[in-house]
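Working notes, structure below.
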2 protein chains.
Amino acid sequence: MLTIKEIAEMAKVSRTTVSRVLNESGYVSEEARKRVLEVVEKTGYVPSQQAQSLRTKKTKVIGVVIPKLGTETAGRIVYGINDVLSERGYQILLTSTNLQTQKEIDYLRLLKSRQVDGIILIATNTNEELITEIKQLHLPFVAIGQDIPGVSSVTYDDFLAAKSITQLLIQRGRKSIAFIGVDEADQAVGLMRKQGYMDAIEEANLTICSEWMTKANFDIPSGYKAMAKIMNQTSESRRPDAVFCVTERIAIGAMQFLKEHGYQIPSQFSIAGIGASDISKYVEPALTTMDYENEVAGKEAAKFLLDQLEKNENIQKKVILNGRLIERNSI
Amino acid sequence: MLTIKEIAEMAKVSRTTVSRVLNESGYVSEEARKRVLEVVEKTGYVPSQQAQSLRTKKTKVIGVVIPKLGTETAGRIVYGINDVLSERGYQILLTSTNLQTQKEIDYLRLLKSRQVDGIILIATNTNEELITEIKQLHLPFVAIGQDIPGVSSVTYDDFLAAKSITQLLIQRGRKSIAFIGVDEADQAVGLMRKQGYMDAIEEANLTICSEWMTKANFDIPSGYKAMAKIMNQTSESRRPDAVFCVTERIAIGAMQFLKEHGYQIPSQFSIAGIGASDISKYVEPALTTMDYENEVAGKEAAKFLLDQLEKNENIQKKVILNGRLIERNSI
DNA sequence: TATGATTGTGGAATCGATTCCACATTAAGT
DNA sequence: ACTTAATGTGGAATCGATTCCACAATCATA
């Protein structure tokens with residue numbers, strides 16, 4: 001590997017001058033600049049990031065913590081982040097907690113010790129410990145998906161999304177709308193979406209049967225099970241005629257159950273979810289859902305982070321993204 | 001940020017001794033060791049990775065180049081890689097070429113300049129330039145998905161997968177089997193899968209109509225278009241009664257077209273693909289396909305890389321993973 | 001008791017960049 | 001012509017670790 005010293009010797013200047021040319025700082029004569037650039041060109045010299053970082057305290061690396069690799073949502077967010085970051089010469093150091101909440105904190109520390117310039121966390125909760133940890137990192141920080149007090153964040157309007165989609169169901173004449181949610185430690189998905197649902201129901205003066213409300217995790221089979229529970233627990237006369245699921249995958253699981261048990265969708269039963277990866281478009285019937293533009297969220301988060309980084313202000317920004325309603329055949 | 005110097009002062013030893021304790025190298029008295037550990041514990045000191053790397057030339061970071069972020073396949077591979085790597089204290093530096101072949105080389109260089117300890121490339125081609133570039137990186141390297149001469153790789157048996165699934169179609173009584181492939185610059189997906197298909201057809205003494213063979217890219221709409229082309233170009237009497245698509249998403253696009261145009265699947269027309277993310281299970285009818293265990297591929301690749309790294313041998317290993325046939329309702 | 005091996009510690013060089021400061025040269029202003 | 005200012009250049013310190021080498025102390029062996 002070539003070093004700046006060797007380049008300096010070859011161009012017959014000092015290391016200082018080479019550095020000046022490369023960083024466009026200080027005065028350098030046209031003469032010297034040309035010689036240096038020539039040598040750099042010819043040798044393909046690239047400065048060692050190690051050494052640079054050690055000196056400048058900047059690594060041009062952003063740590064990203066995601067809950068689970070291998071899902072389309074995560075992929076899209078990271079895609080958006082990468083899109084903005086790579087253009088400005090930043091790299092992504094990726095970690096995945098695999099849905100283990102407690103690992104979030106570990107990884108934040110790890111990333112700090114790796115001297116990342118900033119961190120983007122795709123958050124799944126708003127625990128006190130987590131917030132404390134974030135505070136004492138003293139690093140530019142952006143959260144996606146959850147509104148964390150005191151830090152910049154990009155969130156979705158989960159309340160509104162849930163409310164709108166529930167209202168759509170009501171508008172289509174459904175009166176008994178079941179609900180499949182997730183754990184409420186997840187503020188955004190668990191709590192806000194539930195509240196949106198409730199709000200729509202109440203405004204329309206509909207009633208909710210407690211048996212109609214269940215919980216699932218984030219995967220398809222758990223949606224299936226939750227739907228089964230709802231239908232099996234209620235006597236025939238009191239069964240719902242629609243279900244709102246807080247995520248797309250839960251909805252697909254629920255749909256699977258309904259189809260297998262002879263319910264006609266949408267003539268007899270309506271189903272709607274939130275989230276729009278490809279899968280929701282190609283199930284039969286295609287799922288009515290709310291599209292969160294994950295790429296956009298990723299991009300916004302990256303921009304916020306760069307703002308903090310480069311303007312060096314301790315600015316806190318919050319963006320709330322709205323979903324796009326996608327009406328398809330499941331209602 | 002604390003430095004080793006400060007720790008040394010606090011523990012009343014030299015920096016050398018602190019380093020020895022932390023790296024378990026050289027002689028250190030029980031006395032001194034204890035003092036150092038105490039201070040480290042109390043202060044929460046973590047050595048600067050920057051400085052360490054500069055000195056030791058090891059970063060504990062592995063560069064990963066993937067063709068496209070945001071797909072389930074990519075996600076799963078990265079998941080597998082991360083699983084193995086994180087356990088051994090390695091981190092992933094992620095880059096995505098967004099399907100621009102020429103960017104692959106750029107990123108390989110970039111990663112090298114970042115001093116990564118090794119690189120895993122999810123390859124989409126076997127260009128001469130790419131191979132040359134890989135050679136002159138002089139870095140531990142593993143390719144996934146394409147067999148690249150001279151480097152370790154984890155590949156799938158694309159020929160066999162394509163052949164088996166085509167044979168299955170034949171076995172079910174289909175005689176006119178169309179084919180939707182991709183560009184043959186992609187050895188694995190473009191070429192090998194095509195050959196597998198051809199081989200099965202020939203062995204069964206079936207004929208192929210040239211209008212039945214088309215190309216798509218990797219997305220769903222292109223599958224739709226390719227299928228449309230096949231059906232529109234052939235007169236009614238010579239239309240195929242089945243199609244083999246080289247990827248799952250192409251198959252889903254093709255299926256979409258067929259459904260929209262009134263073909264009954266599977267009674268009238270069969271369809272099969274390769275690749276098994278969730279989506280293929282929930283389309284209607286569920287897609288018969290070949291499952292490539294992407295997580296396993298990622299894990300194997302990571303293991304190979306660590307072998308090269310830690311045993312420091314210039315070993316070249318090749319693994320060919322077999323697919324798992326998943327029979328569902330589309331044939 | 002002298003000699004050599006083992007154990008323990010620190011000084012100082014090193015990795016490859018950036019940057020402060022001192023100094024030299026040239027141009028401009030009066 | 002003579003101070004100022006602007007322009008160019010390099011020496012050397014610095015970032016925070018690791019590691020070679022020299023040296024000291026202790027212990028075992030002949």
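Here is how names work: the chains are called A, B, and so on, in the same order as the sequence lines, proteins then strands, and each is numbered from 1.
- Residue A/Leu22 contributes atom CG, which lies 13 Å from atom C1' of C/dG16 at whole-angstrom precision.
- Within the 3.5 Å criterion, the main-chain N or O of A/Ala188 finds a donor-acceptor partner in the side chain of A/Gln146.
- Summarising the geometry, atom CG belonging to B/Leu130 is positioned 5.0 Å from atom CD1 belonging to B/Ile148; distances are rounded to the nearest 0.5 Å.
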Between N or O atoms, less than 3.5 Å apart, protein on one side and nucleotides 23-29 of chain D on the other: list the pairs.
none

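- No hydrogens or angles considered: a donor-acceptor pair under 3.5 Å links the side chains of A/Asn125 and A/Glu104.
- Between A/Leu306 and A/Tyr90, some side-chain heavy-atom pair lies under the 4.5 Å cut-off.
- For A/Glu9 and C/dG16, the CD to C1' distance is 13 Å, given to the nearest whole Å.
- Between A/Arg109 and A/Glu133 there is a salt bridge, since at least one side-chain N of the basic residue sits less than 4.0 Å from a carboxylate O of the acidic one.
- Salt bridge annotation for A/Glu300-A/Lys303: present, with a cationic side-chain nitrogen under 4.0 angstrom from a carboxylate oxygen.
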Applying side-chain hydrogen bond (donor to acceptor under 3.5 Å, both in side chains), run through A/Thr124 and A/Asp186 and close with a yes or a no. CA-CA 5 Å; A/Thr124 60; A/Asp186 187 326; 5.8 Å; no
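- At whole-Å resolution of the value, CD in B/Gln115 and P in C/dG16 are 9 Å apart.
- Distance A/Lys60 NZ to C/dT18 C1': 15 Å, rounded to the nearest Å.
- Regarding contacts with the backbone of D/dT18, every side-chain N or O of B/Thr56 stays at 4.0 angstrom or more from both OP1 and OP2.
- What separates CZ of B/Arg114 from P of C/dG16 is a distance of 18 Å, to the nearest Å.
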A correct 5'-to-3' footprint of nucleotides 6-15 of chain D, with B, S and - meaning base, sugar-phosphate only and no protein heavy atom under 4.0 Å, is -BBBBBBBBB
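- Within the nucleic acid shown, A/Gln52 comes within 4.0 Å of sugar-phosphate atoms alone, with no base atom in reach, counting heavy atoms only.
- Computed from coordinates, the A/Ile4 CD1 to C/dG16 P distance equals 11 Å when rounded to whole Å.
- The interatomic distance linking B/Gln50 (CD) with D/dA17 (P) rounds to 10 Å, in whole Å.
- Using a 4.0 Å cut-off between charged nitrogen and carboxylate oxygen, B/Glu72 and B/Arg76 count as a salt-bridge pair.
- Straight-line distance from the CG atom of A/Asn23 to the C1' atom of C/dA17: 9 Å, rounded to whole Å.
- Side chains of A/Leu321 and A/Glu293 form no contact here, defined as non-hydrogen atoms less than 4.5 Å apart.
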